[in-house]
Amino acid sequence: MGEASLKVGGNAPVSNIDPFSTAYFDDPYPFQEELREAGPAVWLSRYNVWAVARFEHVRAMLFDWKTYCSGRGVGLADFAKETPWRPRSILLEADPPQHGRARTILNRVLSPVAMKDLQDRFARAADDLVDTLLERGTFDGIADLAEAYPLSVFPDALGMPRENRHFLLPYGNMVFNAFGPRNELFHKSVENAAPVLDWLAGQMQRDQLAPQGFGAEIHAAVDTGEITAEEAPLIVRSLLTAGVDTTVNGIGAALYCLARFPEQWDHLRADPSLARAAFEEAVRFESPVQTFFRTTTRAVRIGDVDIDEGQKILMFLGAANRDPRHWEQPDQYDITRRTVGHVGFGAGIHMCVGQMLARLEGEVVLAALTRKVSRIEIVDEPQRRYNNTLRGLAKLPIRLQPIH
Ligand code: OVV
């Protein structure tokens with residue numbers, strides 16, 4: 001504690017909590033409470049970075065992109081001091097004005113209007129999958145539903161070839177681990193993803209993508225001069241990276257919530273128009289994307305804590321989404337809650353560009369369940385999946401009771 005206190009000039013609370021440890025992942029909530037209670041900004045002595053875990057301050061950081069930049073990376077590594085481990089994302093790991101050019105393309109490709117065209121196809125795929133799963137009765141809610149569903153619709157919407165789509169999972173798992181420290185989790189996920197790297201590089205290229213789909217639409221922006229031919233594959237890469245593991249954990253979160261809280265499931269069945277709200281509340285409650293870093297572009301004061309320029313600050317989206325200073329009964333999953341303002345999708349200029357697609361997927365899966373299923377039972381111990389950024393399960397053994 002002494003050393004860290006000196007480093008930060010003595011006016012800041014210090015914590016040795018490790019937010020990238022299995023003890024933390026197993027039960028993050030007491031740690032998150034400790035961080036929120038310690039102060040508006042807390043020095044994490046294990047990593048020499050700052051933590052911000054209160055809703056008010058996380059939200060303010062997300063909106064203030066000038067002070068809290070993304071261009072130096074949104075992971076622990078500071079791109080001003082070390083070369084990024086992969087060519088950096090021109091969307092996620094960029095600031096205005098570069099960020100805006102890539103963002104404009106994806107805003108269009110993933111717009112609410114574009115989502116409307118997908119609605120029927122996505123809803124049918126959800127219905128078909130739930131029918132198949134009901135025939136089986138007992139299955140793994142993660143592999144067989146939370147993973148199977150996005151893999152059945154997202155690569156098609158992107159225009160990917162049929163083969164090897166499940167390779168997106170180890171790739172995403174690695175990238176989300178890479179935002180954290182170079183711990184064992186990271187190294188294992190790199191090993192796991194090594195066989196799919198060449199495949200993934202191919203999937204970004206124009207000639208690999210169907211003439212209709214998100215990928216083709218991104219590459220078409222080269223023809224209009226909006227982006228360069230070098231930028232287009234990188235923007236496709238952002239979708240390949242962030243488009244599957246996130247929705248897998250979002251759908252997994254909703255399923256886990258509805259299985260654990262049967263009165264909420266009953267409420268949803270009684271009013272299926274709440275499907276979208278039930279998904280949104282699951283995103284708040286579980287916060288599938290738990291954390292991202294920013295880097296300070298100037299000396300700042302958060303609350304009464306002074307922070308230098310060039311400091312990494314870890315934003316605890318999950319802790320903010322359960323901050324009792326903002327939320328009533330934050331630890332309750334309540335599908336009738338007003339979730340507006342939650343930071344599960346971030347906020348500000350970097351707020352999740354795929355949020356409409358995520359909500360569409362979540363909504364149609366939950367709606368399909370309400371039409372066909374009377375009860376979701378957990379039949380064996382769920383297993384957690386450890387990731388430096390993503391929160392979710394590796395296994396959720398469930399049984400669905402059909403409505404007869
Ligand atoms: C939001 C997100 C997560 C991971 C990767 C990317 C974006 C990217 O742009 O590559």
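Ligands are counted one by one from 1 in listed order, and the atoms in each one are counted from 1 as well.
For the pairing with D156, the salt bridge (Lys or Arg N to Asp or Glu O under 4.0 Å) check across R121, R124, R165 returns one residue only, R165. Of the listed residues (Q311, M315, R294), just one forms a side chain to side chain contact (heavy atoms under 4.5 Å, CB included) with W50, and that residue is Q311.
A search for side chain to side chain contact (heavy atoms under 4.5 Å, CB included) contacts involving R391 returns P28, Y29, E286, Q290, R384, not counting sequence neighbours.
Residues with a heavy atom under 4.0 Å from ligand 1: R86, S89, L92, F176, F179, S238, T241, A242.
Ring to ring, F20 and Y47 are close: their centroids are under 6.0 angstrom apart. The ring of F179 has its center closer than 6.0 angstrom to the ring center of F292.
The existence of a salt bridge linking E281 and R284 is confirmed by a sub-4.0 Å separation between a basic side-chain nitrogen and an acidic carboxylate oxygen.
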